[in-house]
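The structure appears right after this line, and notes come after that.
Computed from a predicted model, the values in this text were never measured in an experiment. The analysis underlying the following values was restricted to heavy atoms, covering all of them including side chains, and did not include hydrogens, waters or symmetry mates.
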Amino acid sequence: QVQLVESGGGSVQAGGSLRLSCAASGGTFSTYTMGWFRQTPGKEREFVAYITWNGASTYYTDSVKDRFTISRDNAKNTVYLQMNILKPEDTALYYCAANKVGYYTRLPRNYDYWGQGTQVTVSS
């Protein structure tokens, strides 16, 4: 069974930075497309970014382009989300997810495994 564990969330002021990590175990991490999503109460889970199995390609939602960077280290079975110039609207519970067949997808329903989430709170 694949397990994903996020870490690195916290509280920061607007303009600050955080680096989220997601450690995977129990599967073949190096073959998965990995994604980051976020969710606030009462809203649907929102796509943030994904990275292909070899890190060659990444994709971001428009609201985080040029501020967030997704990366991965297949030797460590870990995917990262570097978040810079954080805004209050970035406040959410952030999840990492894995697509086991390597699809390049922004849709939550296409991801097979999910972590429990890490909270990011940005104050103005």
- Leu81: hydrophobic cluster co-members (side-chain, 4.5 Å): Val2, Leu4, Val12, Leu18, Leu20, Phe29, Tyr32, Met34, Trp36, Val48, Ile51, Tyr60, Val64, Phe68, Ile70, Val79, Met83, Leu86, Tyr94, Tyr113, Val120, Val122
- Message: Tell me if a side-chain donor or acceptor on Asn99 pairs with a main-chain N or O of Thr33 at a distance below 3.5 Å.
- Response: no
- Straight-line distance of Cys22 SG to Asn77 CG, nearest 0.5 Å: 10.0 Å
- Item | Inter- and intrachain pairs under salt bridge (charged side-chain N to carboxylate O under 4.0 Å, His left out), touching residues 40-62, at least two apart | Arg38-Glu46, Asp62-Lys65
- Could you list the residues that satisfy side chain to side chain donor-acceptor pair (under 3.5 Å) with Ser11, not counting sequence neighbours? none
- Task: May I ask you to check whether over 12 heavy atoms, not counting those of Trp53, lie within 6.0 Å of atom CH2?
- Result: no
- With Tyr59 via side chain to side chain donor-acceptor pair (under 3.5 Å) - residues at least two apart: Arg106
- Item | Set of side chain to side chain donor-acceptor pair (under 3.5 Å) partners for Ser17, sequence neighbours left out | Asn84
- Message: Restricting to side chain to side chain donor-acceptor pair (under 3.5 Å), what partner residues turn up for Thr69, sequence neighbours left out?
- Response: none
- Item | Shortest non-hydrogen separation from Ser123 to Pro88 and the atoms involved | C-CG, 4.5 Å
- Can you tell me if Thr105 uses its side chain to pair, donor with acceptor, with the backbone of Tyr103 under 3.5 Å? no
- Say you draw a straight line from NZ of Lys87 to OG of Ser124; how long is it, rounded to the nearest 0.5 Å? 13.5 Å
- Looking only at heavy atoms, what is the nearest atom pair of Gly35 and Tyr111, with distance? N-CE2, 3.7 Å
- Task: Heavy atoms only: give me the nearest Gly115-Tyr95 pair and the separation to one decimal.
- Result: O-CD2, 3.5 Å
- Is a side-chain N or O of Gln116 found less than 3.5 angstrom from the main chain of Glu6, in a donor-acceptor match? no
- Message: Does atom CD (Glu89) have a neighbourhood of more than 12 heavy atoms from anything else shown, all under 6.0 Å?
- Response: yes
- About how many Å separate CD of Gln82 and OG of Ser21, when rounded to the nearest 0.5 Å? 9.5 Å
- Message: Return the OG to CZ distance between Ser63 and Phe47, rounded to the nearest 0.5 Å.
- Response: 10.0 Å
- Can you tell me how far the CG atom of Leu93 sits from the OG1 atom of Thr118, to the nearest 0.5 Å? 7.5 Å
- Query: So how far is it from Ser71 OG to Arg19 CZ, rounded to the nearest 0.5 Å?
  - Reply: 6.0 Å
